[in-house]
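Reviewing the structure listed below.
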Amino acid sequence: MLAMRPATPEDKYALEVMIQARSDWMAKKKLPNWHSWGRHVQALAANCSGRFGDMWVLTENSDRILGCTTILTTAAPWVWTGREAMDSAFYLNATVTDPAQRHRKLGTLIAHWAVDHAARKNISYVRRDCTSPALASYYERQQFTLVRTVSAPGGCSSYALERRAQRIAELTKWLGYGRIDQVSTDMEITQPFVNLARREFAYV
């Protein structure tokens, strides 16, 4: 059975292996910015410590990690307006899945879980941003709406997308629910890692 649960420090090695596999797959496919993933494998995996946001992992049969995502509660100021930053919203970052399991559409499953999770926590929106137009289109296929395209730091374009939180009953067919599905939203988040965590470059 698949389940989403909060990451723990004990997950770090398994996360490093999965993120490295994703980076290697991206390099083989010559996808944009694959080198950024490769350089930051350990830093991204270390987010399981919970210091810079709430990392959640997608597991199978309670042990095997197939994916992860990090939930932030602060908006990237170069993408979202001050008024939007006042909305109650979860910001999905650094979503990664095992490339060997791509046929199972686990990235889409994680996105739908986040939308349902936000609704159960009385959060209004789930938002994400990326620098790849192809990735933005992929998120649109997950029912996210493109809000705007802006010039991000470094001269590249950044795409801001959002989806209203809503309950998704069909998730019960795929995910086991229980006490694992809890999240803290009062994290102190430091900006340098937020900037790193916001980089989502791969189809997941």
Side-chain angles (χ1 to χ4, degrees), residues 15-16 18-47 51-56 58 67-85 87 89-99 102 105-115 118 125-164 187 189-204:
L15 287 164
E16 288 178 352
M18 183 187 66
I19 296 169
Q20 185 63 60
R22 169 61 63 169
S23 175
D24 293 343
W25 178 84
M26 291 174 68
K28 183 177 180 180
K29 297 291 184 179
K30 294 181 170 55
L31 294 179
N33 298 310
W34 62 266
H35 52 281
S36 292
W37 282 101
R39 288 200 305 266
H40 299 116
V41 168
Q42 293 186 344
L44 291 170
N47 203 28
R51 290 180 57 200
F52 306 105
D54 285 313
M55 175 182 271
W56 286 73
L58 174 65
C68 65
T69 194
T70 298
I71 295 176
L72 303 177
T73 55
T74 58
W78 61 88
V79 177
W80 303 99
T81 67
R83 176 172 293 183
E84 289 166 340
D87 296 334
F90 282 161
Y91 297 85
L92 291 190
N93 295 276
T95 300
V96 186
T97 59
D98 184 342
R102 290 184 68 247
K105 306 296 183 183
L106 299 180
T108 296
L109 179 63
I110 291 174
H112 290 335
W113 166 83
V115 170
Y125 296 97
V126 175
R127 290 170 173 163
R128 58 202 320 176
D129 56 82
C130 62
T131 58
S132 164
L135 188 54
S137 295
Y138 171 69
Y139 291 155
E140 288 183 295
R141 293 196 295 274
Q142 294 177 349
Q143 302 177 44
F144 285 80
T145 299
L146 180 64
V147 176
R148 69 178 57 85
T149 303
V150 299
S151 295
C156 61
S157 294
S158 187
Y159 303 85
L161 303 97
E162 70 178 14
R163 181 175 169 182
R164 275 200 169 274
M187 290 279 175
I189 301 171
T190 59
Q191 194 61 39
F193 191 88
V194 169
N195 294 343
L196 168 61
R198 290 191 187 281
R199 299 170 183 164
E200 295 195 63
F201 303 116
Y203 301 100
V204 291

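The model shown is predicted, which means the values in this text are computed figures rather than measured ones. We use all heavy atoms of the structure for the numbers below, so side chains are in, but hydrogens, waters and symmetry mates are not.
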Taking the side chain as C-beta and beyond, is there a heavy-atom pair between Thr97 and Arg22 under 4.5 Å?
yes
Any residue meeting side chain to side chain contact (heavy atoms under 4.5 Å, CB included) with Glu84, in chain and number order, not counting sequence neighbours:
Trp80, Thr81, Asp87, Arg127, Val147, Arg148
Glu16: partners by side chain to side chain contact (heavy atoms under 4.5 Å, CB included), with sequence neighbours left out:
Lys12, Tyr13, Val41, Gln42, Ala45
Heavy-atom check, side chain of Tyr139 versus side chain of Tyr159, under 4.5 Å
no
What I'd like to find out is whether the side chain of Ser157 reaches to under 4.5 Å of the side chain of Val150, using heavy atoms alone.
no
Pairwise side-chain contact, Arg128 with Glu162, heavy-atom cut-off 4.5 Å (strictly under)
no
Identify the heavy atoms of Pro99 and Ala21 that sit nearest to each other, and give their distance.
CG-O, 3.6 Å
What's the spacing between Ile110 CD1 and Leu58 CG if we round to 0.5 Å?
5.0 Å
For the residue pair Lys105 and His112, establish whether any side-chain heavy-atom pair is separated by less than 4.5 Å.
no
Please identify each residue that fulfils salt bridge (Lys or Arg N to Asp or Glu O under 4.0 Å) with Arg164, with sequence neighbours left out.
none
Please name the pair of heavy atoms, one in Asp129 and one in Ala76, separated by the smallest distance, quoted to 0.1 Å.
OD2-CB, 4.2 Å
Would Cys68 and Leu15 satisfy side-chain contact (heavy atoms from CB on, under 4.5 Å), going step by step from the backbone distance to the final call?
CA-CA 8 Å; Cys68 65; Leu15 287 164; 3.9 Å; yes
Please name the pair of heavy atoms, one in Ala111 and one in Gln142, separated by the smallest distance, quoted to 0.1 Å.
CB-OE1, 3.3 Å
By side chain to side chain contact (heavy atoms under 4.5 Å, CB included), which residues pair with Ala114, not counting sequence neighbours?
Leu92, Val126
Taking the side chain as every heavy atom from C-beta outward, state whether Thr73 and Tyr91 have any atom pair closer than 4.5 Å.
no
Under the side chain to side chain contact (heavy atoms under 4.5 Å, CB included) test, which residues partner Asp24, sequence neighbours left out?
Gln20
Between the side chains of Thr70 and Asn47, is a donor N or O closer than 3.5 angstrom to an acceptor N or O?
yes
What are the two closest heavy atoms between Leu161 and Cys130, and how far apart are they?
CD1-SG, 4.4 Å
What closest approach, in Å, do Asn93 and Thr69 show between heavy atoms, and which atom pair accounts for it?
O-OG1, 3.6 Å
Is there a side-chain contact between Glu140 and Thr145 in this structure, where contact means two heavy atoms from C-beta onward sitting under 4.5 Å apart?
no
Taking all non-hydrogen atoms of both residues into account, name the closest pair between Ala160 and Val79 and its distance.
CB-CG1, 2.9 Å
